[in-house]
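These notes are about the structure you will find just below.
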Amino acid sequence: MKPTDMITQVGSVIASVMFAWAMFKQYCPHVLQEYIDKFSKRAFTFIYPYIQISFNEFTGDRFMRSEAYSAIENYLGSRSSTQAKRLKADVVKSSQSIILSMDDYEEVDDEFQGVKLKWAAGKHISETQSDEKKYYRLTFHRRHRQLILGDYLNHVLKEGNEIKVRNRQRKLYTNSGSYWRHVVFQHPASFESLAMEAERKQEIMDDLLVFSTAEEFYARIGRAWKRGYLLFGPPGTGKSTMIAAMANLLNYDIYDLELTAVKDNTELRKLLIDTTSRSIIVIEDIDCSLDLTGQRKKKKEEGEGDEKDPKPKLPKEEAETKQSQVTLSGILNFVDGLWSACKGERLLVFTTNFVEKLDPALIRKGRMDKHIELSYCSFEAFQILAKNYLKLESHHLFARIQELLGETKMTPADVAEHLMPKTISGDAMVCLENLIGGLEKAKEDAILKAEEEVKESARLKAEEEAKEKEKEKEKAKAEEEAAKEKDSSKAEENAKKPVKENGFCENGNAELISKEKK
Ligand SMILES: Nc1ncnc2c1ncn2[C@@H]1O[C@H](COP(=O)(O)OP(=O)(O)OP(=O)(O)O)[C@@H](O)[C@H]1O
Ligand SMILES: [Mg+2]
């Protein structure tokens, strides 16, 4: 038989089968059709040794994109880029990188613990062609059912989610009313460029990295997977910069909470619930955000304490603070109440310039687990700044700078400002001399300030002593006058008393006046 004849015959057999099937479907009773359908499927699965699982893009009534689907999409992305012939490309991270995923009807192979599996991308198109439902289908031999349904799928979801986090565009959120708004978070700060002693820096980085991978540990000890950091120190010592470096190190989003804009504790709780995992919740300048310590004290000492506030509030801030009814207990609940344990890992970071002003309850361990002091620039910190700003590892002027940094205080922000190139040539020498000039001036200012302080305290002491003397004088004078008054009133009293025949008063004392009368 010629091949063309064979093809014709096969074609006519298929056509006859299809015709017979169409006739059968039209005239055969519905119940019988279902029965045959069921039977044929069973027979098929009996012969066919593979299991298929479909993961649809959309699930549920609410048309939510399935988390499993997007995790699988990410997981298959790297595999499909080496295997699939047709790929889909997407741009993320502000056009910085392209993410690939496999196109519809493509297939890729995978292997897990020596077991081979197959993934296929497909889609169901509705009859009206208006709607298409995408899915991924996993096919594997039924003898590996346990392994695939357990360990393998967990591995796919975990890795897919990790890839998603790595590729995602991170966000910086801020609260507006009871909602979060966000912008793209792109801060270049890193621990490497942070001016700080290497040992302390490493300790903080280790702490953060251990936390971010300690899911099982936290679950085992029965604690919510969160950690509080309190960053304190004078302005310009790198607190905000460190938060950005933390977010970059861990690849977390930042929720910058403006407490003064939160109406009350309920709104605060809502904001907390709306945060996602893998995020840092920041409250900057917690001592100024709300008078948290004052709220406890206020009842005892009305109005006091405002004068002592070293950072006077702006009128607008004051007005906002008055509107906000967030209380200290609201904040404490925010930090470690039941709601704070929802959904995944979270870092809470508070910053303050005046740690001593905060209520001890707020910063105790368990709430603020790690207290980090950021202080004035040390020589080691300066070396990092010099490397960052001037690309200098050493210079003969470093010795003088080291000496001056030991004698005077300057914040890293001020040091950095002196190291900023001020000329087009960006001469490093000029910057270093600038810094030396700045440090010398700071030293002189500090000496002058100290002298003035000594003078001022001597003046205050003298004033105090003078006041004390004045008081003593006044007291002595008052006592003298009181004694005189007492004498004269006694005399008057005696004068008013009746005089007896013998010229003595009733009390038996001789009275000059009565004698005169006689
Ligand atoms: N430790 C540091 N390492 C590197 N740069 C720093 C450091 N400290 C400060 N700077 C520089 O100084 C600038 C101000 O620092 P930052 O805003 O982090 O200070 P802060 O401690 O948050 O101040 P404030 O208490 O006023 O909020 C930053 O832009 C950064 O360039
Ligand atoms: Mg700051």
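Note that ligands are numbered from 1 as they come in the structure, with each ligand's atoms numbered from 1 the same way. Values in this document were obtained by computation on a predicted structure and should not be read as measured data. Sequence positions, counted from 1, serve as the residue numbers for this chain.
- Residue contact check: Lys239 has heavy atoms under 4.0 Å from atoms 18 (O), 19 (O), 20 (P), 21 (O), 22 (O), 23 (O), 24 (P), 25 (O) of ligand 1.
- With respect to Ile331, the side chain to side chain contact (heavy atoms under 4.5 Å, CB included) criterion is satisfied by exactly one of Asn265, Leu268, Asp359, Val262: Leu268.
- For Tyr69 and Phe55, the distance between ring centers is not under 6.0 angstrom.
- Using cut-offs of 30° and 60° for the angle between ring planes, the Phe232 and His371 rings count as perpendicular.
- A donor-acceptor contact closer than 3.5 angstrom links the side chains of Asn251 and Arg170.
- At least one N or O atom of Gly238 sits closer than 3.5 Å to an N or O atom of ligand 1.
- For ligand 1, the atoms lying closer than 4.0 Å to a non-hydrogen atom of Thr241 are 15 (O), 16 (P), 18 (O), 28 (C), 30 (C).
- If you check the side chains of Glu267 and Ser178, you find no donor sitting under 3.5 Å from an acceptor.
- Side-chain atoms of Glu284 and Ser240 form a donor-acceptor pair, as typed in the model, at a separation below 3.5 Å.
- Listed by atom number, the atoms of ligand 1 under 4.0 Å from Leu194 heavy atoms are 3 (N).
- Put simply, the residue from Asp369, Ile363, Leu362 that forms a side chain to side chain contact (heavy atoms under 4.5 Å, CB included) with Leu230 is Ile363.
- Taking only nitrogen or oxygen atoms, main chain and side chain alike, Thr237 reaches within less than 3.5 Å of ligand 1.
- Between Tyr173 and Tyr255, the two ring planes are parallel [angle under 30°; tilted spans 30° to 60°].
- Near Asn353, meaning under 4.0 Å from any of its heavy atoms, are these atoms of ligand 1: 25 (O).
- The side chain to side chain donor-acceptor pair (under 3.5 Å) pairs that include a residue from residues 202-214 are Gln202-Asp206, Glu203-Lys370, Asp207-Arg227, Asp207-Tyr229, where partners are two or more places apart or lie in different chains.
- Residue-ligand proximity: Ala416 is placed with every non-hydrogen atom at 4.0 Å or more from ligand 1.
- The count of protein N, O or S atoms under 2.8 Å from the Mg ion (ligand 2) stands at 1, with waters excluded from the count.
- Judged by distance alone, the side chains of Asp287 and Thr352 do bring a donor and an acceptor atom under 3.5 Å apart.
- Looking at ligand 1, you'll find an N or O of Ala195 within less than 3.5 Å of one of its N or O atoms.
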